[in-house]
2 protein chains.
Amino acid sequence: MAVTIRDVAKLAGTSITAVSAALNNTSGSTIRVSQATRERIYDAAAQLGYVSNPIAKSLATGKTKVLGLMLPYADAFVDQNPFSNQVMSGIMREVVHRHYNLMLYTATSGIQKDRAAMLVDSKIEGLLVVMPPEDSAIFLKCKKRNIPYVSILDRPTAGSWSVNSDDYTGGRMAAEHLVKLGHKRMAHLMGSPDVSTSHLRAKGFRDVLEEAAIELREDLIVQSGFDWRLGLDSTEQLLQRGVKEMPTAIFAANDLCAEGAIRAIRAAGLSVPNDIAVVGYDDTWYATLTQPPLTTVHMPIEEMGEMAARMLIARLEGEDEIDPQPILPVSLTVRNSCGAHLAPFVDGTKQSPPVRQ
Amino acid sequence: MAVTIRDVAKLAGTSITAVSAALNNTSGSTIRVSQATRERIYDAAAQLGYVSNPIAKSLATGKTKVLGLMLPYADAFVDQNPFSNQVMSGIMREVVHRHYNLMLYTATSGIQKDRAAMLVDSKIEGLLVVMPPEDSAIFLKCKKRNIPYVSILDRPTAGSWSVNSDDYTGGRMAAEHLVKLGHKRMAHLMGSPDVSTSHLRAKGFRDVLEEAAIELREDLIVQSGFDWRLGLDSTEQLLQRGVKEMPTAIFAANDLCAEGAIRAIRAAGLSVPNDIAVVGYDDTWYATLTQPPLTTVHMPIEEMGEMAARMLIARLEGEDEIDPQPILPVSLTVRNSCGAHLAPFVDGTKQSPPVRQ
DNA sequence: GTTGTTTGATGAAGCGGTTTATCACAATCG
DNA sequence: CGATTGTGATAAACCGCTTCATCAAACAAC
């Protein structure tokens, strides 16, 4: 039905081999094609509207030029969190750039985790996994099939390839910002306990308080989560301590969690940032929509996706000298939820905002 | 390297043909395999850990069991709008259920539209396109290659396959709700003018006002867009008319646009819903996060994705009797942005909320 | 003038499956 | 009992492309 390489060869009056070589611009091969025949072949191909069949090519070469992307195991996460979108954007950018394709896998409602792993077949050369659960069956499968993989947001272990951002420093930045603004009683709403990022951020937060010689209250470091409902609930509980005991600042697990915190605070008749300052994490587009706009730790999400794709492709192409566990830098995006826009720093010309003692 | 069908045949002491037939549970074929050999083959396959190579299979059968998904041409849309996530969820559900795979394509920053179309190759059997621009090169390409496609949210044209929701009725529902609540001066922030949905919704809105014998003010039906910034800007302009002339209710292009409207209203020192009621469209997860939570027209986004995938697969498998242009029903999700929760309906037991004349 | 070497080109063997055509043999039938 | 039917199995062609091994001719070197 479709026009094949044979048809081109016939029309050009050459061998199939020549067509293949000419069309692939083979350079390192032993096969040579003269300029004259090369042009005859081009003409014939153009005339017939020939496009090479990638399936046949894959079978012959053993390469598909397709990467897999496994999105995290939660509908809510995928649906509600802008994170996966951004990471996908980054991945796509690199994948397109390197002339690869992307095959999508998710373990959404209805199928078990392990069913999802089954789907990963030899159509793909490598796999990108976002926020894999601890004991994912996918990795076993990949290892058995010898499919290289790179995970995004995963605790780096020996020999693993994973892209992370600097969660520890992120935690520090949030804390440092609050400390500079004069806060003494700060709470941290921790993210999901089974991802390492949560602990690293908390550690950064703790270390800064310690270095600043601020009393570390363990009861202000509470388990919350990456959902705004959880942020709301946790904050409500913190507020029940009464004015004297409640924190003057909250470092939330992520932007959505911060949204919940802000709501709880406002619902209690208090003001952000005047009564309680709030810092988020991620700096997704959502951070501009909170009221007030959220001061938050910026995570280079797209870059992480891009980096992961780049690493995986580099590995597939046998490139050398790839750092298998890069940690991308974070930064602090200052908006209005901490009052820093009113009086940036204690050491600046303006007064620091009033902070309840 | 990997174990092939030949290895299995050798170990089982049968022909390759028999292995192929046995493992595919061929029923309609002329090839028969006895129960005894069948089991020998199963054993051998299990023993060797054989998995069939989908590439080779594709080459032989001409089918790849892969669908393509082309996401819309805008970074902001993909990144910020929960829509594409939800539609993807729906598609994945059906795709997994029917044992297909999904290949992702996007035209993100850096590559031209037409480059994106180039990427679509014969690796896919069919293509799903979300919100295609008018004169997309993709469709030409698909037609040339004879790749069937189904579009989601696209003006249905003769012979096209596309999934839509009932935008006209959606527009009506929003308007009817407001009319029931006693509003007389209503505005509509229209969505992007180059998608048909915008016009259909506006038409529904207009028709209801007309039927209710409410004066139709064309200057209150303004061009806005699917972004919250646009909603904010448009609403600010509406508010500049002064209290006597400003609308008592606004029907926004979508939830994000409604968010902008709410902000503008509150920034002007007015209240939602007491001064101005707001209705959104889409009912994405974001609608629960506006303040107050948004009354909005629910669009069955996941179902639309699922439906599109189902149609495409049905077509590929030669199934008959498929409606090529289904229109899925919408409904109204009533929350707090119109005051209906305070006094549901004029014909109910409660008083309708006070509405400025 | 014989021997290398380079250039241009090709046939044929895969890659790992599916499928058609063919065949041996046992069972059923008039 | 010869003819027909059904069952079980297989060899070989094919899907469309890459690539190895090979070769003829032109060219350079000794």
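Computed from a prediction, not measured in an experiment: that's the story for all the values here. Proteins come first, then strands; the chains are lettered A, B, ... in the order of their sequence lines, and each starts at number 1.
Using a 4.0 Å heavy-atom distance criterion, A:Thr14 is classed as a sugar-phosphate-only contact. Contact annotation for B:Thr4: backbone-only contact, meaning every heavy-atom pair under 4.0 Å involves sugar-phosphate atoms and none involves a base.
The two residues A:Pro132 and A:Ser151 make their nearest non-hydrogen contact at CG-CB, 4.1 Å. Between B:Met311 and B:Asp323, the shortest heavy-atom distance links the atoms CE-O, 3.7 Å. Considering all non-hydrogen atoms of both residues, B:Tyr100 and B:Glu317 come closest at OH-OE2, 2.6 Å. In terms of heavy atoms, B:Gln325 sits closest to B:Thr157 at NE2-O, 2.8 Å.
Atom pair B:Ile16:CD1 and C:dT20:C1' shows a separation of 15 Å (rounding to whole Å applied). C:dT18 atom C1' lies 12 Å from atom CG of A:Leu59, rounded to whole Å. Between the CD atom of A:Gln35 and the C1' atom of C:dA9 there is a distance of 15 Å, rounded to whole Å. Atom NZ in A:Lys65 sits roughly 13 Å away from atom P in D:dT18 (whole-Å rounding). Atom NZ of A:Lys10 is separated from atom P of D:dG16 by 13 Å (rounded to the nearest Å). In this structure, B:Glu39 places its CD atom 15 Å from C1' of D:dG8, rounding to the nearest Å. Look at NZ on B:Lys63: it is 14 Å from C1' on D:dC15, rounded to the nearest Å. One atom, CZ of B:Arg6, and another, P of C:dA13, lie 14 Å apart when rounded to the nearest Å.
Not one side-chain nitrogen or oxygen of A:Lys57 sits closer than 4.0 Å to the OP1 or OP2 atom of D:dG16.
The side chain of A:Ser20 approaches D:dT19 more closely than any other nucleotide in the set C:dG17, C:dA9, D:dT19.
Ranked by how close their nearest DNA chain C nucleotide is to the 5' end, A:Thr37 and B:Thr17 are led by A:Thr37. The residue among A:Ser34 and B:Val19 whose nearest nucleotide of DNA chain C is located toward the 5' end is A:Ser34.
No donor-acceptor contact under 3.5 Å links the side chain of B:Arg32 to the base of D:dG6.
Between B:Ile301 and the options B:Glu306, B:Met88, B:Gln86, a side-chain contact (heavy atoms from CB on, under 4.5 Å) holds for only B:Gln86.
DNA chain C is contacted by B:Tyr50, B:Val51, B:Ser52, B:Asn53 of residues 48-55 of chain B, taking any non-hydrogen atom closer than 4.0 Å.
Inspection of the B:Ser20 and B:Thr17 side chains reveals no N or O donor paired with an N or O acceptor under 3.5 Å.
Looking only at distances, a side-chain donor or acceptor of A:Asn164 sits under 3.5 Å from a matching main-chain atom of A:Asp154.
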